[in-house]
Amino acid sequence: MRLEALVRTSVGEALAGWGVPSALEIPVERTARPEHGDLSTRVAFVLSRTRGAPPPQIATELAARLADRSAFHAVEAAGGFVNFTLRPSAVRDVLRQILADGPRYGRRDEGQGKTVQVEFVSSNPTGPLTIGHLRQAALGDVAAALYAQLGWRCVREYYLNDEGRQMERLAQSLWARYRQALGHDEPVPEDGYHGAYLVAMGEELAQVWGDRCPRWDEAARTALRAEAVARMMTMIHEDLDAIGVRFDVWTKEGDLHRQGLVQATLAQLQQRGAVYEKDGAQWLSSTRHGLSRDPVLIRSDGTPTYTMVDIAYHLEKKRRGFNLVVNVQGADHVDEQRQVQLGLKLLGLPEGFVRYCLHQFVTLKGEEGIQRMSTRAGRFLRLKDLVAEVGRDVARYFMVMRKPGSHLVFDYDLARDTSMENPVYYVQYAHTRIASVFREAERTGEAPSDLLSVDLSALADRRELDMIKELDRFPDVVQAAAHEFAPHLLCEYLEGLSGMFHPYYAHVRILGQGPATAARLALFAGVRLVLSRGLEILGVSAPEAM
RNA sequence: GCGCCCGUAGCUCAGUUGGAUUAGAGCAGCGGCCUUCUAAGCCGCAGGCCGGGGGUUCGAUUCCUCCCGGGCGCGCCA
């Protein structure tokens with residue numbers, strides 16, 4: 001049994017004999033200080049209200065009832081807390097269980113086959129992906145991986161907005177570059193896309209097409225648009241490949257229109273009296289429900305806005321049978337999210353159906369200081385180029401190592417650093433060292449044939465037991481990271497575990513230690529398992545050698 | 001101006017549903033340590049009115065309020 005469950009069950013049993021309802025949630029925490037034992041409960045504070053006794057008194061009585069349990073070396077009341085010190089054998093049992101679970105360790109079945117759709121990146125095809133999109137790509141991919149750990153079926157989806165005004169500007173920008181390549185003085189529109197990537201494409205078009213599109217007319221629009229989208233998609237796929245993100249479904253905005261979903265959704269909103277007309281446009285009554293403004297759904301020229309299509313899209317997600325939808329989006333979409341959420345609520349969708357993982361932006365800290373990127377201005381670092389520079393593992397890890405809601409300063413120098421000062425290598429190197437020890441153990445014939453039957457009693461050192469207790473936390477970290485969209489918790493956890501492993505490795509000899517050797521190898525196997533499981537979730541490799 | 005997010009060591013950041021009279025980590029700084037399974041390392045020291053003022057509580061970095069300082073949004077863009 002896992003340690004928290006051990007304490008929770010024991011306390012629950014003691015309280016049951018006391019007439020406390022079993023439904024009571026018993027808080028169990030890891031202690032911050034060794035003198036407080038390994039785990040503690042503050043349940044006495046909770047009970048003092050209903051039982052009318054002061055917390056210290058309840059804690060003392062509770063501790064007395066638990067003192068003779070075999071798993072605990074000591075159960076002590078301290079103030080209102082009850083502190084538990086585990087017997088080493090109970091800790092070793094945890095390691096044995098982890099090794100028995102193997103690759104299943106950390107997984108749960110809370111999803112029970114339900115399906116979650118994670119929509120992320122969904123960048124307009126107006127240029128290659130940048131380091132800005134990388135954060136979203138990594139967060140979305142890891143969010144899906146985390147849910148998969150909890151037993152959900154995951155669909156990774158990219159919403160492709162290949163229509164609208166931005167595409168128009170892109171096409172016109174490309175056309176200008178194409179004309180320039182033919183020697184004409186055609187300026188890129190001021191609100192167009194100025195990046196160098198269009199220059200090279202314009203030159204290619206000039207070579208292939210010659211003077212085929214001399215004017216910015218309807219024919220040119222159609223041709224340039226198709227050409228631009230195709231070329232942008234090629235770049236985006238290259239960038240996604242570079243960081244190893246694969247999407248299961250690509251949904252095009254055009255498809256939603258063709259299926260009539262937008263009109264149908266609008267009609268539903270109108271039926272519910274949520275839409276009104278003003279200045280020839282259709283508006284959503286949002287302020288009536290506490291939002292800051294009413295957004296236009298249908299423009300006066302009859303075309304739907306992004307918000308309108310987004311509501312229709314989410315209704316479609318519901319129809320497709322997803323139990324949960326997770327949208328990963330940048331902080332600039334807060335207002336949009338509110339509008340969509342409201343629209344869905346008005347359409348009768350359940351409250352928790354859509355969850356947003358909102359993230360702040362990335363700034364790049366390099367030799368030239370901190371810079372703000374802009375795709376339109378052509379000032380950005382392309383994702384593929386970044387990966388070529390620092391590697392996929394570092395690129396991905398750095399993007400999720402901070403809380404999504406916090407701004408992320410990407411330290412280029414640290415990312416390029418291949419020493420263990422780079423947290424990615426610090427964690428990976430722990431894995432590598434263990435692999436190395438096992439290779440050596442194979443060579444010397446000390447590797448146990450069956451780790452599960454190894455006598456673990458030699459694991460009595462505080463550092464060894466602490467490491468096992470840390471391994472015991474892994475499933476909780478995975479669960480918290482998933483529920484709170486907080487993959488950084490996993491990074492911190494892995495760095496912390498590595499931070500326990502490296503000093504131990506440096507000071508404790510593993511091979512040639514008699515019975516202790518097999519026990520320590522079993523411990524290492526547990527650490528290796530958790531490190532590789534954690535890195536797997538993050539989409540980072542766990543190398544055997546570096 | 002209004003709304004949302006953020007403000008913790010010199011820097012980048014953690015801090016679990018409020019908890020334990022000593023708030024953590026990694027860099028950077030200072031000082032130690034290599035006959036060993038990779039020193040791509042390990043150990044130690046120093047470093048903080050947790051942006052500021054009020055309030056709630058037995059107890060606040062955590063909750064409420066005001067102020068200061070940053071980010072984002074406030075389009076018939078996406």
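To find a chain, count down the sequence lines: A is the first, B the second, and so on, and within it residues start at 1. These figures come from a predicted structure and were not determined experimentally.
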Between [X] ([atom1]) and [N] ([atom2]), how many Å, whole number?
{"X": "A:Gln360", "N": "B:C72", "atom1": "CD", "atom2": "C1'", "answer": "6 Å"}
{"X": "A:Phe501", "N": "B:G41", "atom1": "CZ", "atom2": "P", "answer": "14 Å"}
{"X": "A:Arg528", "N": "B:C37", "atom1": "CZ", "atom2": "C1'", "answer": "13 Å"}
{"X": "A:Asp417", "N": "B:C27", "atom1": "CG", "atom2": "P", "answer": "10 Å"}
{"X": "A:Leu408", "N": "B:G71", "atom1": "CG", "atom2": "P", "answer": "17 Å"}
{"X": "A:Tyr397", "N": "B:G26", "atom1": "OH", "atom2": "P", "answer": "13 Å"}
{"X": "A:Lys252", "N": "B:A78", "atom1": "NZ", "atom2": "P", "answer": "18 Å"}

With a cut-off of 3.5 Å and sequence neighbours excluded, list every side-chain donor-acceptor pair involving residues 493-500 of chain A.
from, atom 1, to, atom 2, distance (Å)
A:Tyr493, OH, A:Glu470, O, 2.7
A:Glu495, OE2, A:Tyr397, OH, 2.6
A:Ser498, OG, A:Leu494, O, 2.8

Quick one, A:Gln360 with A:Arg135, criterion side-chain contact (heavy atoms from CB on, under 4.5 Å). Give me CA distance, side-chain angles, the key distance, then yes/no. CA-CA 9 Å; A:Gln360 293 292 334; A:Arg135 186 167 199 194; 4.2 Å; yes

Contact class for [X] (heavy atom, under 4.0 Å): base, sugar-phosphate, or nothing?
{"X": "A:Asn422", "answer": "nothing"}
{"X": "A:Asp411", "answer": "nothing"}
{"X": "A:Leu521", "answer": "nothing"}
{"X": "A:Val309", "answer": "nothing"}
{"X": "A:Arg439", "answer": "nothing"}
{"X": "A:Met401", "answer": "nothing"}

Can you name the salt bridge (charged side-chain N to carboxylate O under 4.0 Å, His left out) partners of A:Asp255, sequence neighbours left out? A:Arg258

Among [options], find the nucleotide with the atom closest to the side chain of [X].
{"X": "A:His502", "options": "B:C42, B:C76, B:C37", "value": "B:C42"}
{"X": "A:Pro503", "options": "B:A78, B:G15, B:C42", "value": "B:C42"}
{"X": "A:Asn124", "options": "B:A78, B:C76, B:C72", "value": "B:A78"}
{"X": "A:His407", "options": "B:G41, B:A78, B:G70", "value": "B:G70"}
{"X": "A:Glu336", "options": "B:G41, B:G15, B:A78", "value": "B:A78"}
{"X": "A:Asp332", "options": "B:C37, B:C72, B:A40", "value": "B:C72"}
{"X": "A:Leu511", "options": "B:G3, B:C37, B:G71", "value": "B:C37"}
{"X": "A:Ser300", "options": "B:G15, B:C76, B:A78", "value": "B:C76"}
{"X": "A:His488", "options": "B:A78, B:C72, B:A14", "value": "B:A14"}
{"X": "A:Ala281", "options": "B:G41, B:C76, B:G73", "value": "B:C76"}

Can A:Arg2 and A:Asp476 be said to form a salt bridge (charged side-chain N to carboxylate O under 4.0 Å, His left out), step by step? CA-CA 10 Å; A:Arg2 300 195 39 229; A:Asp476 300 331; 2.9 Å; yes

With rounding to the closest Å, how many angstrom separate the [atom1] atoms on [N] and [M]?
{"N": "B:G15", "M": "B:A60", "atom1": "C1'", "answer": "14 Å"}
{"N": "B:U16", "M": "B:C34", "atom1": "C1'", "answer": "40 Å"}
{"N": "B:C6", "M": "B:U21", "atom1": "P", "answer": "27 Å"}

Does A:Met399 reach the side chain of A:Val362, with side-chain heavy atoms less than 4.5 Å apart?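 The answer is yes; the side chains approach within 4.5 Å.
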
What I'd like to find out is whether the side chain of A:Leu284 reaches to under 4.5 Å of the side chain of A:Gln339, using heavy atoms alone. yes

How does protein reach along nucleotides 16-25 of chain B, written 5' to 3' as B (base within reach of a heavy atom under 4.0 Å), S (only sugar-phosphate), or - (no contact)? -B-BB-B---

Does any donor-acceptor pair link the side chain of A:Ser406 with the base of B:C6 at a separation under 3.5 Å?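 Counting by modelled atom types and ignoring angles, no donor-acceptor contact under 3.5 Å is found here.
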
Pairs flagged by side-chain hydrogen bond (donor to acceptor under 3.5 Å, both in side chains) wherever residues 505-529 of chain A is involved - sequence neighbours left out: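 Checked against side-chain hydrogen bond (donor to acceptor under 3.5 Å, both in side chains) - neighbours excluded - the pairs reaching residues 505-529 of chain A are A:Glu464-A:Arg520.
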
Carefully, step by step, assess A:Lys469 and A:Asp472 under the rule salt bridge (charged side-chain N to carboxylate O under 4.0 Å, His left out). CA-CA 5 Å; A:Lys469 286 180 232 161; A:Asp472 178 60; over 6 Å; no

Let's see if you get this right: which residues in residues 292-299 of chain A place a heavy atom under 4.0 Å from RNA chain B? A:Arg293, A:Val296, A:Arg299

Does the distance from a Lys or Arg side-chain N to an Asp or Glu carboxylate O, for A:Lys317 and A:Glu157, drop under 4.0 Å?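 No, no charged N to carboxylate O under 4.0 Å.
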
Checking A:Glu492 against A:His488: is there a side-chain donor and acceptor pair closer than 3.5 Å? no

Anti or syn - B:C30, cut at 90° from 0: anti

Between A:His359 and A:Phe485, does the ring centre distance come in under 6.0 Å? no

Residue whose closest nucleotide on RNA chain B lies nearer the 5' end, A:Lys278 versus A:Tyr425: A:Tyr425

Of A:Tyr306 and A:Ala331, the one whose nearest nucleotide on RNA chain B sits closer to the 5' end is A:Ala331

Between A:His507 and B:U36, is there a contact of a side-chain N or O with OP1 or OP2 at under 4.0 Å?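 For B:U36, OP1/OP2 do not have a side-chain N/O of A:His507 under 4.0 Å.
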
Name all residues meeting the ring pair (Phe, Tyr, Trp, His ring centres under 6.0 Å) criterion together with A:Tyr425; count only those two or more places apart in sequence or in a different chain, and write none if there are none.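 With neighbours one apart ignored, the set is empty.
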
